[in-house]
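Below: the structure, in structure tokens.
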Amino acid sequence: VSRSGLGAGVAGAGALGFLWILAKEWKQISAQPLAKELKTYLRLPSYGEHLGTIPVMKEQIEALCKIRLGKKGGKHRRLLFVVDDLDRCGIDGIVKTFEAVRLILELENVVVIIAVDQRIALPALACHYEKLSKHHQHDPKSIARDYLAKVITLPVHLPEPDDTSVAGYLANYLWKDESFIKVAEAMVNSERERQSAKEKTATEQTGDNDKGTQLAQEKAADKGEKPKETLDDILRDVESFDIAALLRKDTSTRDEANVNTKQGLSPDQKRAFYYWLLAFNLRNPRQIKRLYNSYNILQDYYDGDKPTGKNDHAFPYMVSLFALEMINQEIRLAEGKSPRQRAKDYLFNGSSEELFTIPTVSAESIDLAKKIIEETGKTSLQEQVEPFVLPSIELEKSDEKE
């Protein structure tokens, strides 16, 4: 062994011995009464318990993000937080979630996606800031919008699903039937042709005459024993297009309507299902799935749903289910007699009272549904189907104004 190696070994042994003596002495020192007070002066101060949980959470989240991102990947590496279904939470839950999101907004390479129905988020924040609005010139919703503007840097509004998107959802998600895409395209094209034919007929009837001339022509046409008709009545009577073709792929599928409905929807039922979704403006994916589940249980409970009349889409239980869902969704509460009840009386109880206009649903679709329901001859159809429809809030009689 060289002298240098021997010297290094002796030095190392001496260092270990010194550390052992120091540790032994430190135990004795730390056992003294004044040692605890000394530690308080040497320890770094922590204000977390005084400031609350928010700063502590922010510090911990920042540390976790740094650990998760690491040094690999550089600036191209991102950490994504997704907040979904926030509109299902209560008011306090929505507000606290937005407060928590603010903790990570300033963190580098961190992105937050918030999926929420703004119709729920804005009123929730407005309720939270309602008391504060008394001290400002803005209403609670304006304050809520200003608050969201500080949290959300890029709003992306998802539009209502179009006809093609609805068909894709049915074919690829609910039914696992890719062939339905072509069926839906044929239905949409046929409907466009029908609308074009109606517009052409209306143009030929009205010509270049003004409104006064048109009224004069209608009055002349109504002479004799013929009942007076409006332009809408004339257009409705024009049978320039077989509406049944919308829902019939070819004549070979006519016998498929007799397929056991307990095993799923027949081809005719699928076409009818798609038709009434578009006719009644029912396009929300969760809503479509709920209606599909309800209809399967409903027709199973009542031993199938057979088509009535000449049209393939005239399935009375399906039409009733979709009509009730449309009434609960599209018709809003109002003073006096419930407008929803008026619509139900019109469709199911043979009410002669004229139905008010529903902007998102054509009068033609409503009248067609009424005709199909009347053809069944079942006065209890509403009572049978309504338990399968998501209920709506109605005004109590005490709340209605005379």
Side-chain angles (χ1 to χ4, degrees), residues 43-71 73 75-161 169 173 283-290 293 328-329 332-333 390-396 399:
R43 186 186 300 117
L44 293 175
S46 176
Y47 303 103
E49 59 183 12
H50 303 290
L51 296 177
T53 58
I54 299 299
V56 177
M57 289 174 59
K58 183 175 182 180
E59 182 180 351
Q60 293 178 352
I61 291 175
E62 185 175 3
L64 289 173
C65 290
K66 289 182 179 179
I67 294 174
R68 185 66 182 87
L69 290 172
K71 296 182 179 180
K75 296 182 179 180
H76 300 288
R77 192 176 178 88
R78 297 289 186 271
L79 187 60
L80 179 65
F81 287 88
V82 179
V83 182
D84 194 13
D85 291 334
L86 184 57
D87 46 273
R88 295 188 181 185
C89 300
I91 295 176
D92 292 339
I94 292 175
V95 174
K96 290 180 179 179
T97 300
F98 278 113
E99 291 177 351
V101 168
R102 292 184 61 187
L103 297 177
I104 55 179
L105 288 179
E106 298 179 358
L107 298 182
E108 188 177 0
N109 297 334
V110 174
V111 181
V112 183
I113 296 179
I114 303 175
V116 63
D117 189 339
Q118 60 181 359
R119 298 173 301 175
I120 305 298
L122 277 174
L125 292 171
C127 291
H128 180 71
Y129 288 108
E130 185 174 4
K131 295 182 179 180
L132 184 63
S133 65
K134 298 178 181 179
H135 304 283
H136 296 269
Q137 296 180 352
H138 299 286
D139 60 275
K141 289 187 177 180
S142 298
I143 298 176
R145 189 179 186 279
D146 292 340
Y147 177 86
L148 282 181
K150 297 178 181 179
V151 178
I152 299 176
T153 58
L154 178 61
V156 178
H157 177 70
L158 297 180
E160 187 178 68
Y169 177 77
Y173 184 76
R283 298 173 180 271
N284 183 279
R286 288 194 179 96
Q287 180 185 48
I288 294 174
K289 184 176 182 181
R290 185 177 70 249
N293 293 336
N328 290 344
Q329 170 182 284
R332 304 295 180 237
L333 295 175
L390 190 67
S392 59
I393 299 176
E394 299 290 347
L395 289 175
E396 298 292 339
D399 297 332

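Side chains included, hydrogens not; waters and symmetry mates left out as well; all remaining heavy atoms used. No experiment lies behind these values; they were computed from the predicted model shown.
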Can you establish whether the number of heavy atoms outside Arg145 located under 6.0 Å from its atom CZ is more than 12? no

Tell me whether the count of non-hydrogen atoms from other residues, nucleotides or ligands lying under 6.0 Å of CD in Glu130 goes above 12. no

Just wondering, do Gln118 and His157 contact through their side chains at under 4.5 Å, heavy atoms? yes

So, taking the atom named [atom1] in [X] and the one named [atom2] in [Y], what distance separates them when rounded to the nearest 0.5 Å?
| X | Y | atom1 | atom2 | result |
| --- | --- | --- | --- | --- |
| Ile288 | Tyr173 | CD1 | OH | 11.5 Å |
| Ile120 | Leu125 | CD1 | CG | 11.5 Å |
| Arg286 | Leu390 | CZ | CG | 13.0 Å |
| His128 | Ile94 | NE2 | CD1 | 11.5 Å |
| Leu64 | Leu79 | CG | CG | 9.5 Å |
| Ile113 | Leu154 | CD1 | CG | 10.0 Å |

Can you see which heavy atom on [X] is nearest to which on [Y], and at what distance?
| X | Y | value |
| --- | --- | --- |
| Asn109 | Arg78 | OD1-NH1, 3.2 Å |
| Val116 | Ala121 | CG2-CB, 3.8 Å |
| Ala115 | Asp84 | CB-OD1, 3.4 Å |
| Ala144 | Ala126 | CB-N, 3.7 Å |
| Leu122 | Lys141 | CD2-O, 4.5 Å |
| Ile91 | Cys127 | CD1-CB, 4.0 Å |

When you measure from the side chain of Asp85 to the backbone of Arg88, do you find a donor-acceptor pair of N or O atoms at a distance under 3.5 Å? no

Would you please classify the geometry between the Tyr147 ring and the Phe98 ring as parallel, tilted or perpendicular, with 30° and 60° separating the classes? perpendicular

